[in-house]
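Keep in mind it's a predicted model, so treat the numbers as computed, not measured.
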Amino acid sequence: MIVGAPRMSSTPLPGIGVRYDLTTRENRLLSVIAHRDGDRTLSAYRKEDPDECALSTRLTAGEAEALVGVLMPSHHSPNLLSTTELGLVAERIELVSTSYWNGRVLGETRMRTETGVSIVAVLRRAEAIPSPTPDFRLAGGDELIVIGTREGVDSAAAILGRV
């Protein structure tokens, strides 16, 4: 086990639901009881006495969903480079070696026409190729830096993922 890694366990609570316990890397205990009716009870325990509850609050299903949205937004992606107030995102999209586009030129993807995104650079091994032209030949392992709307970037990833 990795030192400091979060530890998670679950305990069935007959007639109530399931209790999930998370011990954080700071050795803090958090628990969530998932009630059968959809509500959740979120509890945090004192670091100096993990048997003493410091906070406990019951959340409706909607409140729990809103909290999850804040903790892990649906647009979260480990490849996300940035977002703007204008609704644009910059993201890395890897071209896998089995992709249909491996060995083809960028212009054939019709990326800007089909999705509205711009490919602003390609990372290939230790090299960065800024502003690739339509005749740029793609290769498996390339990471394309794209900018566009969330929907456009998702569509670009689907196109580039075609096998």
Side-chain angles (χ1 to χ4, degrees), residues 1-12 17-34 38 40 42-44 59-163:
M1 182 161 128
I2 299 171
V3 175
R7 297 180 305 277
M8 189 79 157
S9 64
S10 64
T11 306
V18 178
R19 176 180 165 154
Y20 297 93
D21 292 313
L22 169 71
T23 304
T24 69
R25 69 171 186 255
E26 295 176 342
N27 220 22
R28 300 291 302 259
L29 177 62
L30 302 172
S31 73
V32 173
I33 297 175
R40 303 289 188 259
L42 173 65
S43 300
L59 304 170
T60 66
E63 291 165 338
E65 188 175 333
L67 181 59
V68 167
V70 171
L71 293 172
M72 183 59 77
S74 61
H75 63 271
H76 172 75
S77 165
N79 294 322
L80 183 65
L81 300 174
S82 68
T83 61
T84 70
E85 291 180 11
L86 300 173
L88 297 177
V89 297
E91 194 164 300
R92 294 177 188 227
I93 300 175
E94 183 180 354
L95 187 77
V96 296
S97 60
T98 56
S99 172
Y100 171 82
W101 303 107
N102 184 10
R104 298 182 185 270
V105 296
L106 183 58
E108 289 180 46
T109 67
R110 298 179 37 85
M111 192 62 60
R112 186 172 298 158
T113 302
E114 297 295 323
T115 67
V117 306
S118 294
I119 298 171
V120 297
V122 174
L123 307 178
R124 181 175 285 164
R125 295 179 209 69
E127 182 183 8
I129 300 107
S131 304
T133 60
D135 62 345
F136 178 82
R137 193 160 301 278
L138 298 168
D142 284 352
E143 285 191 27
L144 286 72
I145 308 298
V146 300
I147 295 179
T149 64
R150 172 81 267 152
E151 296 79 19
V153 170
D154 289 345
S155 295
I159 289 169
L160 292 169
R162 178 180 158 202
V163 289

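Comment: Arg40 does not engage Glu65 in a salt bridge, judged by the lack of any side-chain N to carboxylate O separation of less than 4.0 angstrom.
Taking 4.5 Å as the limit, every side-chain heavy atom of Trp101 sits out of range of all side-chain heavy atoms of Asp142. Two residues are said to be in side-chain contact when any heavy atoms from C-beta on lie closer than 4.5 Å; Leu42 and Leu67 meet this criterion. Side-chain atoms of Leu138 and Leu144, non-hydrogen and from C-beta on, do get closer than 4.5 Å to each other. The closest side-chain heavy-atom distance from Arg7 to Asn27 is below 4.5 Å. Residues Leu160 and Met111 meet the side-chain proximity criterion, which asks for heavy atoms closer than 4.5 Å.
Looking at Asp21, its side chain never comes within 3.5 Å of a backbone N or O of Ser9 through a donor-acceptor pair. A donor-acceptor pair under 3.5 Å is absent between the side-chain atoms of Glu127 and the main chain of Arg124, judged by distance alone. Between the side chain of Ser118 and the main chain of Val120, no donor-acceptor pair closer than 3.5 Å is present.
When all heavy atoms are compared, the tightest approach of Val122 to Pro132 is CG2-CG, 3.8 Å. Taking every heavy atom of both residues into account, Arg137 and Gly103 meet most closely at NH1-O, 2.5 Å. Nearest heavy-atom pair across Ser155 and Thr115 is CB-CG2, 3.7 Å. The two residues Glu114 and Thr109 have their closest heavy-atom pair at CG-O, 4.2 Å. The minimum heavy-atom distance linking Asn102 with Ala139 is given by the pair OD1-CA, 3.4 Å.
Put simply, CZ on Arg162 and OG1 on Thr98 are 12.5 Å apart, with the number rounded to the nearest 0.5 Å. For the atom pair Glu143 CD and Glu91 CD, the distance stands at 11.0 Å (nearest 0.5 Å). Atoms CD1 and CD1, from Ile145 and Ile119 in turn, are 10.5 Å apart once rounded to the nearest 0.5 Å. Remark: Leu106 CG to Ile129 CD1 distance equals 11.0 Å, nearest 0.5 Å. Atom CG of Leu95 sits about 12.5 Å away from atom CG of Leu123, to the nearest 0.5 Å.
Enclosure of atom CZ in Arg104 by more than 12 non-hydrogen atoms of other residues, nucleotides or ligands within 6.0 angstrom is indicated.
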